[in-house]
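Sequence lines set the chain letters: A, B, ... in the order given, protein chains first and strands last, and positions in each chain run from 1. Fair warning: this is a prediction, and the values are worked out from it, not measured in the lab.
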Amino acid sequence: MGRFLWLMNTPGAPPDFLHQLTEHRFDVVQQYEMERAEFGDYDGIITGMHSDQRHLASLGDRLGAYIDAGGALIFSGHVSHPFLPGLTPFRPVEQKGLESLRIHLETPHPLTEGLTSDHLTFQRTVAGFYGRGGNPPPPGATVLSSVGFDRVPVDWIERRGKGWLYVHCGNDLWAHYRRADPEGLGHLRRVFDFFAGATV
Amino acid sequence: MTRIAAVDGGTYFHHHTLCEEPFAGCFDDIIYIRDVAFTDLSPYDVVFLPCRLNTHQIAPLADQLTHYMTGGGTLVVMGETFPERWLKDIDFTPCETNFWWWVEGLPGPAPRIARPEHPLMADVTAKDCIWHLHGHFHPKGPQVPVIEDDEGALLIEDAETYAPGRLIATTLDPCYHHGSHFMPATTAFLKRFLPALRKLG
């Protein structure tokens, strides 16, 4: 069983699937409440496209130490305020039709096992939701997926100390992973299983 | 010269809309959401709250924002900030958002400019307001629809409740989509809408 801190910065509810992945525990809090959390209690901290990156930057030292000690930070969104060393602001790709927004799977990895380019590229035949550019990865990061003709990195993961930094450059990752297996939620389970097992 | 402040929630879509081209010049100052409570808003003719600013962060500022308006300021409230939860007498009905009408061949939103003489509407056409809808206001009392459709109002102005200041609120959410580099129609809307904020002085 993994334990995750799920950060919100909207007044809505978190995704329903958190209640379905009963093998893991998700503590859902408004982002600013994370200041009172003991990061070390968590296998992963999840923050998304609505996150206040200025606030995350104010906690950069704590987050960096947490990752180094074995934690995982899983971020979806465009980097606008680099809140950890090695993060670089978002660079959009030029949008010139569907293929300019096609998502390519790059390095085989447990996090993306079983997913296809079409799973990630399309939502009801429309491309662009998953990623429209990149948060350039630091040297040594493993690129999991890319977008467009130039295969700009969209998802990358980097080992930092004993922990992980996982960056997804686009709308929140979860809706696409859910749609790829809406009944079994297999792809979602794989993500949380990975971080629960990888952060001993 | 109309002085305009925008409130930045620290999100990437706020940053891109408020701080980067082509709209950075539409705002004189950017105030971080967590600094608003410590900021004197009275020097500003217009305070702009962009789309999806977290309602939980705005609500504790409601008294300050109300005093800003009754002191003569214009508060512009964009979509998905849910002003009915932190201002009085706002009647809002959310709707099932159809993001896909243009894919499915269904009729899309059908807005009208109800007050073409309004300074914010100087360059905005009904067609500019079409991408999708999240809900409608139902104007009451001194609230006047500026953009509307058959279901209700998409942008309202209230120049009496907070006189000598005023409230302008919309259910449209262009800052979020433009700021996400997604949905060019919203960029086109903002190109006509944001420069007109200077006319609100």
> Using non-hydrogen atoms only, which part of B:Tyr32 is less than 4.5 Å away from chain A: side chain, backbone, both, or neither?
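Contact with chain A involves both backbone and side-chain atoms of B:Tyr32.
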
> Give me the ring orientation class for A:Trp6 and A:Phe26: parallel if the planes are under 30° apart, tilted from 30 to 60°, perpendicular past 60°.
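Perpendicular, since the angle between the ring planes exceeds 60°.
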
> Is the A:Tyr177 ring parallel, tilted or perpendicular to the A:Tyr130 ring (thresholds 30°, 60°)?
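It falls in the parallel class, under 30°.
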
> Could you tell me if the side chain of A:Arg160 sits less than 4.5 Å from the side chain of A:Pro138, heavy atoms only?
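Touching, per the 4.5 Å side-chain cut-off.
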
> Are a donor atom and an acceptor atom from the side chains of A:Gln30 and B:Asn54 found within less than 3.5 Å of each other?
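Note: A:Gln30 and B:Asn54 side chains meet the donor-acceptor criterion.
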
> For the interface with chain A, which of B:His14, B:Arg85, B:Arg34 has the highest count of heavy-atom pairs at distances below 4.5 Å?
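The answer is B:Arg34.
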
> With a 4.5 angstrom heavy-atom cut-off, is it the side chain or the backbone of A:Phe129 that approaches chain B, or both, or neither?
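The answer is both parts of A:Phe129.
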
> What part of A:Arg124 lies closer than 4.5 angstrom to a heavy atom of chain B: side chain, backbone, both or neither?
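For A:Arg124, the contact with chain B is made by backbone and side chain together.
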
> With a 4.5 angstrom heavy-atom cut-off, is it the side chain or the backbone of B:Leu53 that approaches chain A, or both, or neither?
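Neither part; nothing is under 4.5 Å.
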
> Counting only non-hydrogen atoms closer than 4.5 Å, does B:Glu20 touch chain A with its backbone (N, CA, C, O), its side chain (CB onward), both, or neither?
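Neither part, no heavy atoms under 4.5 Å.
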
> Let's test your reading of the structure: which of B:Gly179, B:Pro184, B:Gly10 forms the most heavy-atom pairs below 4.5 Å with chain A?
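Maximum pair count with chain A is reached by B:Gly10.
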
> Hey, does the side chain of B:Thr74 reach the backbone of B:Val46 with a donor-acceptor pair shorter than 3.5 angstrom?
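No: the side chain of B:Thr74 does not pair with the backbone of B:Val46.
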
> Pick one of side chain, backbone, both or neither for A:His78, based on which atoms fall under 4.5 Å of a heavy atom in chain B.
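Contact with chain B: backbone and side chain both.
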
> Is chain B contacted by the side chain of A:Pro11, its backbone, both, or neither, given a heavy-atom distance below 4.5 Å?
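Both the backbone and the side chain of A:Pro11 come within 4.5 Å of chain B.
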
> Before accepting this row, confirm whether a basic side-chain N of the pair B:Lys191/B:Asp123 lies closer than 4.0 Å to the acidic partner's carboxylate O.
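Answer for the salt bridge query: no.
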
> Any side-chain heavy atom of B:Leu120 within less than 4.5 Å of one from B:Arg115?
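No, side chains not in contact.
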
> Contact part of A:Gln31 toward chain B, heavy-atom cut-off under 4.5 Å: side chain, backbone, both or neither?
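Neither part; nothing is under 4.5 Å.
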
> Salt bridge check: are A:Asp68 and A:Arg159 linked by an N-O gap of less than 4.0 Å?
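Looking at A:Arg159 together with A:Asp68, the answer is no, because their closest N to O distance does not fall below 4.0 Å.
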
> Check each atom of B:His15 against the heavy atoms of chain A and say whether the ones under 4.5 Å are side chain, backbone, both or neither.
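Just its side chain gets close to chain A.
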
> Checking A:Ser51 against chain B: side chain, backbone, both or neither under 4.5 Å from a heavy atom?
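Just the backbone, heavy atoms under 4.5 Å.
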
